[in-house]
Amino acid sequence: LSLCGHSAGAHLAATALGHDWTDSGIPGDAVKSAVLISGVYDLMPVPGLTVNEEIRLGDDMARRHSVMFQEPEVRCPTLIAVGADEPSRWKRQSQDYADMLARCGVPARYLEVAGDHHFSITDRLARAAHPLTRALLEMMRA
């Protein structure tokens, strides 16, 4: 399996990396790679954002579901990509998450995609020669 997600999907894929799949009868090495694009790994800022009026995420729940503070169970090669034109605190989350994975022994790679932001970055996947597409395919071959 290769996990891939964008935005909340990247958070869900990162959450899957934190789950002990052997408890469910799935081999611990079933996930071979992960590609996380423009994800949110530390949910602690969310309660203070206007978007939280709809989400209603409290501080306790934000901390509990922040993968930034959870050592991964699945230690597969992981690509963490983010648009260079995204806000600095969201880019920093991606870099910090990649660093945390590396400290835990996960082969993690951080990729900042020039000229893109949260909503345009996935458009690059339609271009076979784009660095993000090549990196994603490389991860899937791992």
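Side-chain atoms are counted along with the backbone in the values below, which use heavy atoms only and exclude waters and symmetry mates. Residue numbers count from 1 along this sequence.
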side-chain contact (heavy atoms from CB on, under 4.5 Å) assessment of Met100 paired with Glu71: CA-CA 8 Å; Met100 185 276 290; Glu71 188 166 331; 5.6 Å; no
Please answer whether the main-chain N or O of [Y] pairs with a side-chain N or O of [X] as donor and acceptor at a distance below 3.5 Å.
{"X": "His65", "Y": "His11", "result": "no"}
{"X": "Thr133", "Y": "Ala129", "result": "no"}
{"X": "Arg63", "Y": "Phe69", "result": "no"}

For [X] against [Y], the heavy-atom pair lying closest together:
{"X": "Gln70", "Y": "Arg64", "result": "NE2-O, 2.7 Å"}
{"X": "Gly115", "Y": "Ala84", "result": "N-CB, 4.2 Å"}
{"X": "His118", "Y": "His6", "result": "O-NE2, 2.8 Å"}
{"X": "Ala16", "Y": "Leu3", "result": "CB-CD1, 3.8 Å"}
{"X": "Pro77", "Y": "Lys32", "result": "CD-O, 3.2 Å"}
{"X": "Ala108", "Y": "Ala98", "result": "CB-O, 3.6 Å"}

Asp20 atom CG, over 12 foreign heavy atoms within 6.0 Å: yes
Met139 vs Ser2, side-chain contact (heavy atoms from CB on, under 4.5 Å): CA-CA, chis, key distance, verdict: CA-CA 8 Å; Met139 295 301 289; Ser2 292; over 6 Å; no
Pairwise distance [atom1]([X]) to [atom2]([Y]) - rounded to 0.5 angstrom:
{"X": "Phe119", "Y": "Ser38", "atom1": "CZ", "atom2": "OG", "result": "9.0 Å"}
{"X": "Glu112", "Y": "Lys91", "atom1": "CD", "atom2": "NZ", "result": "4.5 Å"}
{"X": "Arg141", "Y": "Glu138", "atom1": "CZ", "atom2": "CD", "result": "7.5 Å"}

Common cluster, [X]/[Y], ILVMFWY with side-chain heavy-atom separation under 4.5 Å:
{"X": "Ile121", "Y": "Leu12", "value": "no"}
{"X": "Ile37", "Y": "Tyr110", "value": "no"}
{"X": "Leu79", "Y": "Leu125", "value": "yes"}

Option passing side-chain contact (heavy atoms from CB on, under 4.5 Å) with Cys76 (candidates Asp29, Val106, Leu17):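 Filter result, single survivor: Leu17.
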Residue from Val40, Ile80, Val82 passing side-chain contact (heavy atoms from CB on, under 4.5 Å) with Tyr97: Ile80
Test item: Tyr41 and Ser94 side chains (from C-beta on) under 4.5 Å apart, heavy atoms: yes
Side-chain touch Val113/His130, heavy atoms, less than 4.5 angstrom: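 Sidechains of His130 and Val113: in contact.
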